[in-house]
Amino acid sequence: MTVNLLQRKKRGSATPDAKPTKTSFAIGENEARVSYCPSCGTPVSEGTWRCPGCGGKLILGVPFKRGAAVLAVGFALGILTGGVVAASAISVPRGDSAAQEAAVATSVPLATAIPTAPPVAIAAPQAAVTALSGTALVNGRIAAESAALASTLADSKAPTIDIARALRSLSADATQGIDLAARLAPWTEADAARDQLDHFYRTVSSTATLALRVSLNDGPGYRRSATEMMRVLSGLAAVDAASRTLAATVDLQLPPVLPAEH
């Protein structure tokens with residue numbers, strides 16, 4: 001029994017000059033993070049840069065040479081990727097016109113490169129052109145009535161009622177002419193002709209209104225008023241010429257107007 005105790009004591013005690021084994025630590029401790037040396041398999045705690053077993057240098061648990069090679073490859077890929085991005089952001093030098101044109105052609109959308117069409121001239125308002133055609137018809141009737149009035153005045157035995165009828169017809173035509181001239185207002189190019197037509201029609205209307213106020217028993221008074229009307233109607237040729245000049249600007253053919261007879 002004494003021999004067994006001595007043998008147990010001898011096996012449980014370490015000799016003073018015995019060499020220590022590889023560094024060990026409590027792998028089973030809480031929150032212990034351990035890896036193994038890829039060269040010798042010795043357990044290595046996290047953050048250790050040298051293996052306690054073989055003495056090899058480590059980088060994040062990887063042998064130094066292998067880790068350095070991985071870092072070098074990653075660094076080269078980073079430089080290559082950054083160079084491509086930087087090259088795409090470099091602008092074309094101002095001196096190279098051909099390169100600038102190529103850059104503009106690739107960056108500007110196709111729709112902006114299409115030239116815009118020249119401005120189209122605005123045509124005359126259709127309603128105003130139609131009104132101008134109407135004034136030519138009115139002028140034609142005025143010309144015919146002017147010829148009839150002149151023939152009546154030439155007959156000394158003509159009744160006063162014939163003179164009054166001619167004056168009433170001229171007054172009605174003048175009223176219609178005033179309305180047609182007003183419809184030329186939206187047409188800016190027709191301002192001069194419109195003013196000329198409007199003045200002529202209003203003068204005919206006012207002259208006829210004054211003449212018709214005279215009693216039918218006053219034959220000489222009607223003849224004087226009819227003579228004054230013939231003087232006003234002498235301006236029809238100038239008004240008709242202004243209308244035809246305006247019509248020519250829009251290729252409009254006006255009907256002919258009979259010249260007034262005196």
Side-chain angles (χ1 to χ4, degrees), residues 123-262:
Q126 185 60 42
V129 175
T130 303
L132 181 61
S133 299
T135 61
L137 297 176
V138 171
N139 293 341
R141 292 200 302 268
I142 291 177
E145 291 160 358
S146 176
L149 180 60
S151 178
T152 301
L153 286 176
D155 184 4
S156 59
K157 296 181 179 181
T160 304
I161 190 64
D162 291 345
I163 298 175
R165 288 195 185 101
L167 293 175
R168 288 192 185 97
S169 296
L170 289 169
S171 177
D173 291 335
T175 300
Q176 186 177 4
I178 292 172
D179 178 69
L180 292 172
R183 298 184 184 184
L184 296 174
W187 189 2
T188 306
E189 291 77 4
D191 286 348
R194 178 178 60 83
D195 292 342
Q196 200 168 350
L197 286 166
D198 183 74
H199 176 73
F200 174 75
Y201 294 140
R202 291 184 183 277
T203 305
V204 172
S205 177
S206 60
T207 303
T209 299
L210 291 175
L212 293 172
R213 289 177 181 176
V214 179
S215 174
L216 289 175
N217 295 327
D218 187 2
Y222 262 90
R223 284 186 173 270
R224 288 192 299 270
S225 296
T227 301
E228 178 62 20
M229 179 63 77
M230 293 302 299
R231 186 189 67 79
V232 173
L233 295 177
S234 64
L236 179 61
V239 171
D240 180 66
S243 298
R244 294 182 184 279
T245 301
L246 177 62
T249 62
V250 291
D251 297 330
L252 176 65
Q253 297 294 329
L254 296 178
V257 175
L258 297 176
E261 297 180 1
H262 304 283

Considering non-hydrogen atoms only, spot the tightest contact between [X] and [Y] and give its length.
| X | Y | value |
| --- | --- | --- |
| L153 | R223 | O-NH1, 3.2 Å |
| S171 | A208 | CB-CB, 3.7 Å |
| V129 | W187 | CG2-CZ3, 4.1 Å |
| A193 | A242 | CB-O, 4.1 Å |
| D191 | A185 | OD1-O, 4.4 Å |
| L212 | A164 | CD2-O, 3.8 Å |

[X] side, atom [atom1]; [Y] side, atom [atom2] - distance, nearest 0.5 Å:
| X | Y | atom1 | atom2 | answer |
| --- | --- | --- | --- | --- |
| M229 | I142 | CE | CD1 | 9.0 Å |
| T249 | R244 | OG1 | CZ | 13.5 Å |
| Q196 | T135 | CD | OG1 | 11.5 Å |
| D155 | D162 | CG | CG | 9.0 Å |
| M230 | T207 | CE | OG1 | 12.5 Å |
| R183 | T130 | CZ | OG1 | 9.5 Å |

With a 4.5 Å limit on heavy-atom distance, are the side chains of S243 and L254 in contact? yes

Any L180 side-chain heavy atom under 4.5 Å of L184 side chain: no

Distance-only polar pair, side chains of N139 and Y201, donor-acceptor under 3.5 Å: yes

Donor-acceptor pair, side chain of Y222 and main chain of V214, under 3.5 angstrom: yes

Test your reading of the model: is there a side-chain donor-acceptor pair from S151 to the backbone of A147, 3.5 Å cut-off? no

Test side-chain contact (heavy atoms from CB on, under 4.5 Å) on S133 and L252; report intermediate values, then the result. CA-CA 8 Å; S133 299; L252 176 65; 3.5 Å; yes

Apply salt bridge (Lys or Arg N to Asp or Glu O under 4.0 Å) to R202 and D198, showing your working. CA-CA 6 Å; R202 291 184 183 277; D198 183 74; 3.0 Å; yes

Can you check side-chain contact (heavy atoms from CB on, under 4.5 Å) on L132 and V250, steps first, answer last? CA-CA 11 Å; L132 181 61; V250 291; 5.5 Å; no

